[in-house]
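Here's the structure we're looking at; comments come further down.
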Amino acid sequence: MSWTLMIHGGAGRLTAETLTPAQHEGARAGLDRALDAGSAVLAAGGAAVDAVEAAVKVLEDDPHFNSGRGAVFTHEGTIELDAAIMDGATRKAGAVAQVSATRNPVALARAVMEDGRHVLLAGAGADSFSREQGVEQADLSWFATDERRRQFAELQASGDTFDVDMKYG
Amino acid sequence: TVGAVACDAGGRVAAATSTGGVTGKRWGRIGDSPVIGAGTWADDVCAVSCTGSGEFFLRVGVGHAIAARVRLLGEDVATAAGVVMGEVTALGGTGGVIVAGADGEAAWHFTTPGMNRGRADSSGTRAVAVFGDE
């Protein structure tokens, strides 16, 4: 009964120079919690698709990562979230883009996948599908963090120069 | 961006990715994460979740490309990930991928200074890391 789990919380200019010790330790602790959540599903004989949803939900709730709580701001100062999930055993897939009020976008992508009529929903339509499906909602105050506000202000002050590596995301 | 890939005891694989995108994005910009076959992919041979400069992952179709190499060329997941990430680099993109094979193999590959990453398996292997040299 062997299983494997891999997770990521974003790639970029992550070095001892760009991260404070607190950010570094906080990210490691969040990764540990996500491994716990996904491993618990797999060790109990659960399905890979349930394990990846469980692990990603933990990371979405952790402000150290750019998704869900802790997501970056758009040019207009809003938050637009994207997510996807895919089950290799069935090729079923669900994805959402530009959603703004679902606490865990991966749970909404899962709802799209389980509903089965579509694969990708976007924008206000995806938000209303989320409400219709009873997926947990959240408002901007849940998603927005001071660190992201600081990064957004920094980017605005720099005149919107876009650094594909740094990209804060 | 965050993501997970897994292979369960039944040899089934799955992938999930979630993101806030990039700071300051405008005009409805969407990256690779929600695009099936680019930032997220799973079939009967492997599952892939990506993070990085999404436009390049879209152009290469990273998730599907890695799985196709495993399926059609018989490459292992680490080799396929390295080759496809080389295509992303050649176009000027940077980022990382995590890949879980239905054979129980798993790999990560990134071309940035660091990637928040973790792995665990039923043999008790478990690791988290952030910096490239961790």
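Below, all heavy atoms of this structure are taken into account, side chains as well, without hydrogens, waters or symmetry copies. Each chain gets a letter, A, B and so on, in the order its sequence line appears, and its residues count up from 1.
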Open item on the list: If we define contacts as heavy-atom pairs under 4.5 Å, which of A:D62, A:V49, A:T74 has the most with chain B?
Closed with: A:T74
TODO: Quick one: which of B:A129, B:G39, B:S33, B:A15 has the most heavy-atom pairs under 4.5 Å with chain A, could you say?
DONE: B:A15
Task: Structural part of B:W27 lying under 4.5 Å from a heavy atom of chain A - done: neither
Open item on the list: Once rounded to the nearest 0.5 Å, what's the spacing between atom CD of A:E53 and atom CD1 of A:I85?
Closed with: 5.0 Å
Task: Interchain contact, A:V41 with chain B, by part (heavy-atom threshold 4.5 Å) - done: neither
- [ ] Against chain A, work out which of B:S49, B:G10, B:A47 has the most heavy-atom pairs shorter than 4.5 Å and name it.
- [x] B:S49
- [ ] Measure from the side-chain N and O atoms of B:R126 to the backbone N and O of A:D32, and report whether any donor-acceptor pair falls under 3.5 Å.
- [x] yes
- [ ] Could you check which of B:G28, B:G63, B:C46, B:G31 has the highest count of heavy-atom pairs closer than 4.5 Å to chain A?
- [x] B:G28
Task: Top contributor to chain A interface from B:T40, B:V99, B:T17 [non-hydrogen pairs under 4.5 Å] - done: B:T17
Task: Rounded distance [0.5 Å steps], CZ in A:R69 versus CD1 in A:I79 - done: 10.0 Å
- [ ] Against chain B, label A:A16 side chain, backbone, both or neither, depending on which of its atoms sit under 4.5 Å from a heavy atom there.
- [x] both
- [ ] Kindly say whether A:P105 contributes a backbone atom to a donor-acceptor pair with the side chain of A:T102 at under 3.5 angstrom?
- [x] no
TODO: Enter the distance from B:C50:SG to B:H109:NE2 here, rounded to the nearest 0.5 Å.
DONE: 11.5 Å
- [ ] Can you tell which part of A:V96 gets under 4.5 Å to a heavy atom of chain B, answering side chain, backbone, both or neither?
- [x] backbone
TODO: Flag the one option from B:A106, B:P34, B:G96 with the top tally of heavy-atom pairs under 4.5 Å to chain A.
DONE: B:P34
Open item on the list: Using heavy-atom distances under 4.5 Å, tell me whether B:A102 contacts chain A through its side chain, its backbone, both, or neither.
Closed with: neither
TODO: State, without any angle test, whether A:E17 and A:T15 hold a side-chain donor-acceptor pair at a distance under 3.5 Å.
DONE: yes
Task: Donor-acceptor contact below 3.5 Å, side chain A:D82 vs main chain A:Q98 - done: yes
